[in-house]
Amino acid sequence: MDDFLDFFNMYFMGSVEIIFGFYFFVRILNKKIRFYFYLLFAVCVVGIIHFIPSGIVGLGLFVLLLASGGILICHADWKLSVLYAILVVGMMQLSYGIVKSLLSMFYPMLSFWDQHIVGTAFMLSGYIASLTLAGICYHIVWKYFSNFEAVEKQYLFLLLIPILMICIMDEYINSFIYGSVVTDVNGVTVYTNHYQMLIMQLLGMISMFCILYAYKKLLMNFRLSTELSLLEQEEHSLNQYVEEAKAHYEKTKSFRHDIKNHIAVIKNLLQNGQPKQALNYITDMEDLAEELSFPCSTNNPVVDILAGNKLGIARSMGIDVYCSLLLPYPSGLRDIDVCIILSNALDNAIHACKDMDGCVQKYIRMSGRLQGDFLLMEIENSFQGSGIFKKGTGLSNVKNVVEKYHGAMSIKTQGTNFVLHVMLIIPQHLESESASADE
C-alpha cells in the first residue's frame with residue numbers, strides 16, 4: 001500500500017501539479033497551445049526530475065524546464081519566460097508550505113485515529129488545498145501583473161533576485177523542516193513551531209506580491225518619464241513651428257503691403273516701353289511669392305509649416321507625398337493639439353516607409369475635411385505588410401488628444417496600406433469665442 005501511495009504521490013499527483021503550473025504559466029504569458037503539449041511537458045519533467053535529487057537543485061531544474069517550455073513551445077520572450085517560471089514555481093512552493101503548516105497544526109489533534117487513513121486524507125486534502133491556493137495566486141498574477149509589455153534587461157534583476165531568494169528560502173523550509181524529522185545530538189525529536197512557519201510562508205507570499213506591485217509601478221514611472229520627455233521635445237518642436245508660422249505671416253503681410261508699389265513699378269516700366277525689364281521684375285516677384293507659399297496649404301499657418309517640414313523630409317527620402325487637408329481656421333481646436341496628431345502620424349508614416357523594401361512604392365497621403373461640427377482627418381501610408389504592427393508612444397499621444405476633444409480614432413491595415421482615421425469634435429463655444437476675437 002505504501003508503494004502504491006509513493007507511486008501515486010510521485011507520478012500522478014506530480015504530473016497533475018506540473019500540468020496545473022504549466023497551464024497557468026502559459027496563460028500568464030498570454031499564449032495558447034494544444035492540450036497534448038501539457039501532457040508531453042509533464043511526462044518530460046517527471047521523467048527528468050525522477051533522476052534528480054529533491055531540494056534546491058530540483059527546484060532550479062524545474063524553473064529551467066518551465067522557462068524552456070515558454071521559449072520553445074510558447075515562443076515567448078526569454079526574459080518573460082524566466083520571470084514567470086520563477087513566479088509560478090515560487091507561488092506553488094509557498095502555497096504548499098502554507099497548507100503544510102496548517103495541516104501540521106491540526107494533525108496532532110487526530111492522533112487517536114487510524115494514522116494510515118489520516119495520513120492519506122491529509123495528503124489528498126493538502127494537494128487539493130495547495131493547488132486551489134496556487135490557482136488563486138496565479139489568477140491574481142494573470143489579471144494584474146501579466147501585462148508587462150517588455151521586461152527591461154537592466155531592471156530584470158531588481159525583480160528576479162528577491163523573488164528567487166524567497167523561492168530558495170521556502171524550498172529550504174519545505175525540504176529540511178517538513179521533508180525530514182529533525183533531531184538533536186541526543187536523538188530527541190525536535191518539534192517544529194508550525195505557527196512561526198505559517199507566518200513566514202504568508203510573509204513570503206505577501207512579499208512576492210509586494211515586489212511585483214513595486215516593479216510594476218517602477219516600470220510605469222519609467223514609461224511615463226520617457227513619454228513626458230518625448231512630449232517636452234515635441235512641444236519644443238511645435239513651438240518652433242509656431243514661431244516660423246508667425247515669421248512667415250509677417251513676411252506675407254509685408255508682401256501684401258508692398259504689392260501696390262510692385263504693381264506701380266511694373267506699370268511704369270510697361271508705359272516707358274521696357275517690357276523686358278517688366279518681365280524680369282515679374283519673375284523676381286514670382287520667386288518671392290514662391291518663397292512665401294506653403295508646399296501644403298491647409299488654411300492653418302502653423303500646420304502648413306509643420307506639414308511642409310515633415311512632407312519635405314519624406315520627399316527627400318524618395319517618398320511620394322499627397323496633401324489635400326483643409327482645416328477650419330480659426331476654430332476651437334488648439335494649434336498644438338492638431339500638430340501633435342499630425343506630427344506623430346507623419347513621423348510614424350515616414351518611419352514605416354523608411355523600413356520598406358526599395359522595390360515597393362512608398363507614399364504618404366494626408367487628407368481631411370470639415371463636416372458639420374466634426375473634423376475628419378486621414379493619414380494613409382505604405383508599410384511592410386508582413387510585419388507586426390504595434391502601437392507606440394506616438395499613437396498614444398494621438399489618442400490622448402482625440403479623447404480630449406471627445407472624438408474617435410481608428411486604425412486599418414490591409415496589405416501594404418496603413419490608414420489612420422481621426423475624428424475630432426470642434427468645441428462650439430471655443431470656436432465662437434475665436435471668431436468674435438478676430439472680428
Side-chain angles (χ1 to χ4, degrees), residues 226-227 229-245 248 293-329 331 333-356 358 360-370 375-385 387 389-405 407-414 416-424:
T226 302
E227 291 182 1
S229 177
L230 292 175
L231 285 175
E232 289 176 351
Q233 295 177 9
E234 190 173 73
E235 183 180 6
H236 177 71
S237 300
L238 294 179
N239 287 331
Q240 288 183 330
Y241 292 138
V242 172
E243 294 301 322
E244 291 181 23
H248 192 280
S293 64
F294 292 105
C296 179
S297 181
T298 67
N299 196 41
N300 184 314
V302 178
V303 176
D304 288 346
I305 294 291
L306 182 144
N309 182 282
K310 299 292 184 182
L311 296 180
I313 294 174
R315 191 178 288 109
S316 67
M317 297 170 61
I319 302 172
D320 296 332
V321 297
Y322 309 91
C323 179
S324 59
L325 176 63
L326 186 62
L327 298 174
Y329 188 81
S331 69
L333 303 175
R334 295 180 62 202
D335 291 339
I336 192 170
D337 291 331
V338 179
C339 288
I340 287 175
I341 293 175
L342 295 178
S343 64
N344 283 287
L346 291 175
D347 284 341
N348 288 344
I350 293 172
H351 182 73
C353 292
K354 182 181 177 181
D355 292 340
M356 294 185 66
V360 181
Q361 182 183 6
K362 304 176 184 180
Y363 72 90
I364 298 176
R365 183 177 294 110
M366 184 171 64
S367 60
R369 67 187 187 280
L370 184 66
L375 175 62
L376 307 177
M377 291 185 289
E378 179 180 291
I379 296 88
E380 180 182 353
N381 62 271
S382 53
F383 88 116
Q384 200 69 37
F389 171 72
K390 182 179 180 182
K391 293 184 181 180
T393 303
L395 289 179
S396 298
N397 295 338
V398 174
K399 183 179 179 182
N400 292 335
V401 175
V402 170
E403 292 177 349
K404 176 180 177 180
Y405 291 96
M409 180 185 81
S410 65
I411 296 171
K412 181 181 178 181
T413 58
Q414 184 176 4
T416 58
N417 297 326
F418 176 92
V419 184
L420 171 66
H421 296 278
V422 174
M423 183 192 72
L424 301 178

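The structure presented is a predicted model; accordingly, all values stated were derived computationally and were not measured.
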Side chain to side chain contact (heavy atoms under 4.5 Å, CB included) evaluation trace for V402 with L424 = CA-CA 6 Å; V402 170; L424 301 178; 4.1 Å; yes
Side chain to side chain contact (heavy atoms under 4.5 Å, CB included) involving R334 - partner list, sequence neighbours excluded | I336, D337, K404, Y405
Below 4.5 Å, heavy atoms only, C-beta onward: do L327 and M377 meet side chain to side chain?
-> yes
Can you find a heavy atom in the side chain of L326 that is under 4.5 Å from one in the side chain of R369?
-> no
Taking all non-hydrogen atoms of both residues, which atom of L311 and which atom of C323 are closest, and how far apart?
-> CD1-CB, 4.1 Å
Heavy-atom nearest pair, R315 first then V321, reads NH2-CG2, 3.0 Å
Side-chain heavy atoms of Q361 within contact of T416, under 4.5 Å = no
Taking every heavy atom of M366 against every heavy atom of A307, the minimum-distance pair comes out as CE-CB, 3.9 Å
Expected output: side-chain N344 to main-chain L395 donor-acceptor under 3.5 Å = no
Kindly give the heavy-atom pair with the smallest separation between A349 and I364, and that separation in Å.
-> CB-CD1, 3.9 Å
How long is the span from the CG atom in N397 to the CG atom in D347, to the nearest 0.5 Å?
-> 10.5 Å
Could you walk me through whether F383 and T413 pass the side chain to side chain contact (heavy atoms under 4.5 Å, CB included) check?
-> CA-CA 9 Å; F383 88 116; T413 58; 4.0 Å; yes
Heavy-atom closest pair, residues S382 and K362 = OG-CA, 3.3 Å
Does the side chain to side chain contact (heavy atoms under 4.5 Å, CB included) test come out yes or no for L342 and L325, once each step is laid out?
-> CA-CA 11 Å; L342 295 178; L325 176 63; 3.8 Å; yes
Exam field: side chain D304 to backbone T298, donor-acceptor pair closer than 3.5 Å = yes
If you take all heavy atoms of I379 and L346, which pair is closest and at what distance?
-> CG2-CD2, 4.5 Å
Residues which pass side chain to side chain contact (heavy atoms under 4.5 Å, CB included) with Y322, listed by chain and number, not counting sequence neighbours | D320, Y363, R365
Between C339 and V303, is any pair of side-chain heavy atoms under 4.5 Å apart?
-> yes
Mind running side chain to side chain contact (heavy atoms under 4.5 Å, CB included) on N300 and V338 for me, showing each step along the way?
-> CA-CA 10 Å; N300 184 314; V338 179; 5.6 Å; no
